[in-house]
Number of protein chains: 2
Amino acid sequence: MTNIAPDKSGRARSKRPPTIHDVAAHAGVSRGTVSRVLQGGRNVSPAAQEAVNAAIRKLDYVVNRAARSLVTQRAGSIAFVLSETQDVFFEDPNFTTLLRSCTAALADHDIPLVLITAGTEAERRRISPYLSAHHVDGVLLFSSHRGNPLIEHLQRAAVPFVCCGKPLGRHGAVSYVAADDREGARTMVRYLFESGRKRIATIAGPQDTPGGLERLLGYREMLAEHGVRFAKRMVAIGDYSRASGEACMRQLLTQVPDLDAVFVASDLMADGAMSAIERAGLRIPADIAVGGFDDSPVATALDPQLTTIRQPWDRISETMVRQLLAQIEGEGSATVILPTELVVRAST
Amino acid sequence: MTNIAPDKSGRARSKRPPTIHDVAAHAGVSRGTVSRVLQGGRNVSPAAQEAVNAAIRKLDYVVNRAARSLVTQRAGSIAFVLSETQDVFFEDPNFTTLLRSCTAALADHDIPLVLITAGTEAERRRISPYLSAHHVDGVLLFSSHRGNPLIEHLQRAAVPFVCCGKPLGRHGAVSYVAADDREGARTMVRYLFESGRKRIATIAGPQDTPGGLERLLGYREMLAEHGVRFAKRMVAIGDYSRASGEACMRQLLTQVPDLDAVFVASDLMADGAMSAIERAGLRIPADIAVGGFDDSPVATALDPQLTTIRQPWDRISETMVRQLLAQIEGEGSATVILPTELVVRAST
DNA sequence: CTGAAAGCGCTTACAG
DNA sequence: CTGAAAGCGCTTACAG
């Protein structure tokens, strides 16, 4: 009887939690049997099963994860690794969306999520041993810029991982889940053409990120399909920040005074672009139609509300988690591309 | 020799990590000695110390946390528990700021942060056993609305925790860290008076949150100190969302057509309020001065940029972490109030 | 200052 | 289907 009862105040006093041993004693079986029902009840008689479950409920038993980890050699947790400059990523509403849906997806599997940031080289050095030591069973990796050394590190350490978005650069077989950026861009630009727009400019994302690259490609493809010649002055490259969207739009307005539509590679940049357009005394969508990308919370906060391409964040997260879990079980890598969806609002 | 060398491709093949045993053998000492240097090197000769450290480096040894946890009865990790309706909290930029600075503060102590959301009753039920089972050593609790059952739960389970902001409702001694909401509000309203404003309205936060309550109180106090009678029609209550700020402002504009300033209890609501003001054809700050609260990223994205009260997020996070760590070491509870700062920009 | 040994709470072949 | 037993990798009194 190692348990200490709560004292009169009702406050538990260093009451140490029941172990598998207590449960076994209570149920009148061996610890091995208790462990078996904990694992799902294979090879356990219904009677024993029942007795053990009753004891578990009675004692409020919950397994000690450290002890389990020690023998199974599994951490039982998964890391959400954010390998971006912190400022950029934390201000990006997409990050929040992703974090939320990954948390939910992991909670469904009863797996704790360990949040790790690794924006700087120093941080990466610090977390490397943690990751290599298998303190987590796998990692959900968020890192959009080309050539993140973390990828190679994880590969060497044989830590299962899944990237969000295609990792740029030369790597072996790497699992990733991404939205269909190019097709999303094509859809938006096609829609702008079909709405009667003729001179469609674009604000692209950084060209060392898959979204920056692919969405620009989609834009060019759709121009070609409509027999429109691609012109450099119709393109400005931002960094996904609101401020860069505003600056890019000013630049485009100067270079192409008569443009009548702009496809912006992120909602946040579209927000900035809209400010620039309004400040130039032009109306949206009467003078210029604006199409975004993401369908982030800002899209509906804008005035007029933003027509955009919805990224399937929930599906992306769920799929990443599923893929990672499969990989932990020994399955090979895979890449999954998920479709996007055009959401028409008032800005076009 | 249980280690399997990397194969020719350089890819580690199920190489199992070195243990304390390997280190001991390598250094020619006992496992106990290795453990002692791991704990800081008390009672270890310099020579042994040296040999062990060399072996650790040589073998790339990193401690197995599960094994350590099992014997120390410490999880070695801390939970960041978000007990708000998810939508509200994830869209709140303050949350992101807090999460970032807590991650950084914990990283400084080399403690992994486990992210847990508990917005719904069902979620709370699910995480309770996890928390009570001491799968984390303590929790940083984010929950602003009155009467969160999680607080009592943590108290009963004797899990150390520190709240962000004063928890409303009857509780025993609870540790929390908060900004000085009332003083911040007083500072803003005083500043508005001193800028020559006469009819100052306010958009307050939810009245079952400390920020909602205290900032309104500060407003009232400062009115009284300036001999201005408090009038109900000068107050609107929002829910911290952008949309509510806009609605509240419309309401105030109707109720008090001649107001010349408004103190808004959050930057996000101030964003909405500014939209409403502009839509009413009024100018900021010429016709109406707008003061916010938080100094969140939106403050500088607005046009004009927002005058606001800066919350000391970094200090709040650091202090919460320090307090929690102290509590885990057995120290008693404490409450810490941190000063805010007026940041004057273009909206006043 | 150091080593031998017990023990943390589980899981998992291995017999039966 | 079940129990006895070994063992996961550490820490920590306890002797010396």
Side-chain angles (χ1 to χ4, degrees), chain A residues 2-3 14-53 55-56 59-77 129-130 132-135 137, chain B residues 2-3 14-53 55-56 59-77 129-130 132-135 137:
Chain A
T2 50
N3 278 349
S14 74
K15 162 165 125 190
R16 69 158 34 203
T19 71
I20 207 175
H21 180 266
D22 302 316
V23 174
H26 221 87
V29 299
S30 74
R31 288 148 47 197
T33 298
V34 174
S35 182
R36 274 173 219 118
V37 347
L38 253 29
Q39 309 304 314
R42 287 225 126 324
N43 293 356
V44 181
S45 68
Q49 177 101 248
E50 174 70 15
V52 169
N53 280 135
I56 286 175
L59 302 176
D60 267 334
Y61 169 79
V62 8
V63 70
N64 178 319
R65 288 185 176 235
R68 173 179 285 176
S69 285
L70 186 54
V71 29
T72 60
Q73 307 276 30
R74 288 272 179 93
S77 60
Y130 182 87
S132 322
H134 293 273
H135 285 161
D137 295 326
Chain B
T2 50
N3 278 349
S14 73
K15 161 165 128 193
R16 68 160 37 203
T19 72
I20 206 176
H21 180 267
D22 301 318
V23 175
H26 221 87
V29 299
S30 73
R31 286 147 51 199
T33 298
V34 174
S35 183
R36 274 173 218 116
V37 348
L38 253 27
Q39 309 305 312
R42 287 221 127 323
N43 293 355
V44 181
S45 68
Q49 178 102 248
E50 174 69 17
V52 169
N53 280 136
I56 286 176
L59 302 176
D60 264 334
Y61 170 79
V62 8
V63 69
N64 178 319
R65 289 187 177 232
R68 172 180 285 176
S69 285
L70 186 55
V71 30
T72 59
Q73 307 277 27
R74 289 270 180 95
S77 60
Y130 182 86
S132 323
H134 294 273
H135 285 161
D137 294 326

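These figures come from a predicted structure and were not determined experimentally. Below, chain A is the first sequence line, B the second, and so on; all start at residue 1.
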Practice task
May I ask you to verify if any side-chain N or O of B:Ser45 is less than 4.0 angstrom from the OP1 or OP2 atom of C:dC1?
Solution key: no
Fill in the blank from the handout: B:Tyr130 meets the ring-ring contact (aromatic ring centres under 6.0 Å, His included) criterion, sequence neighbours left out, with B:His135
Problem - Span that lies between the C1' atom of C:dG16 and that of C:dT12, in whole angstrom - result: 16 Å
Handout entry: Distance, P atom - from C:dC10 to C:dC14, rounded to whole angstrom
Key = 24 Å
Problem - Nearest heavy atoms of B:Pro18 and B:Leu59, plus distance in Å - result: CG-O, 3.3 Å
Completion exercise
In DNA chain D, stems of three or more consecutive pairs, Watson-Crick or G-U, each with both distances under 3.5 Å, turn out to be C:1-3 with D:14-16, C:5-12 with D:5-12, C:14-16 with D:1-3
Exercise for the section: Hey, could you give me the CG/CG distance between A:Leu70 and A:Asn64, rounded to the nearest 0.5 Å? Expected result: 10.0 Å
Problem - Results of side chain to side chain contact (heavy atoms under 4.5 Å, CB included) for B:Glu50 - residues two or more places apart only - result: none
Practice task
Apply side chain to side chain contact (heavy atoms under 4.5 Å, CB included) to A:Ala55 and list each qualifying residue two or more places apart in sequence or on a separate chain.
Solution key: A:Val23, A:His26, A:Ala27
Completion exercise
For residues 59-76 of chain A, the salt bridge (Lys or Arg N to Asp or Glu O under 4.0 Å) pairs (sequence neighbours left out) are A:Arg65-A:Asp110, A:Arg74-A:Glu329
Handout entry: For A:Ser132, side chain to side chain donor-acceptor pair (under 3.5 Å) partners two or more places apart
Key = A:His153
Exercise for the section: Assign a letter to each nucleotide of nucleotides 8-16 of chain D from its 5' end: B, base within under 4.0 Å of a protein heavy atom; S, sugar-phosphate only; -, no contact. Expected result: BBBBBB---
N/O donor to acceptor pairs below 3.5 angstrom from side-chain atoms of residues 28-40 of chain B, sequence neighbours left out:
| unit_1 | atom_1 | unit_2 | atom_2 | d |
| --- | --- | --- | --- | --- |
| B:Ser30 | OG | B:Gly32 | N | 3.4 |
| B:Ser30 | OG | B:Thr33 | N | 3.3 |
| B:Ser30 | OG | B:Thr33 | OG1 | 3.4 |
| B:Thr33 | OG1 | B:Arg36 | NH1 | 3.4 |

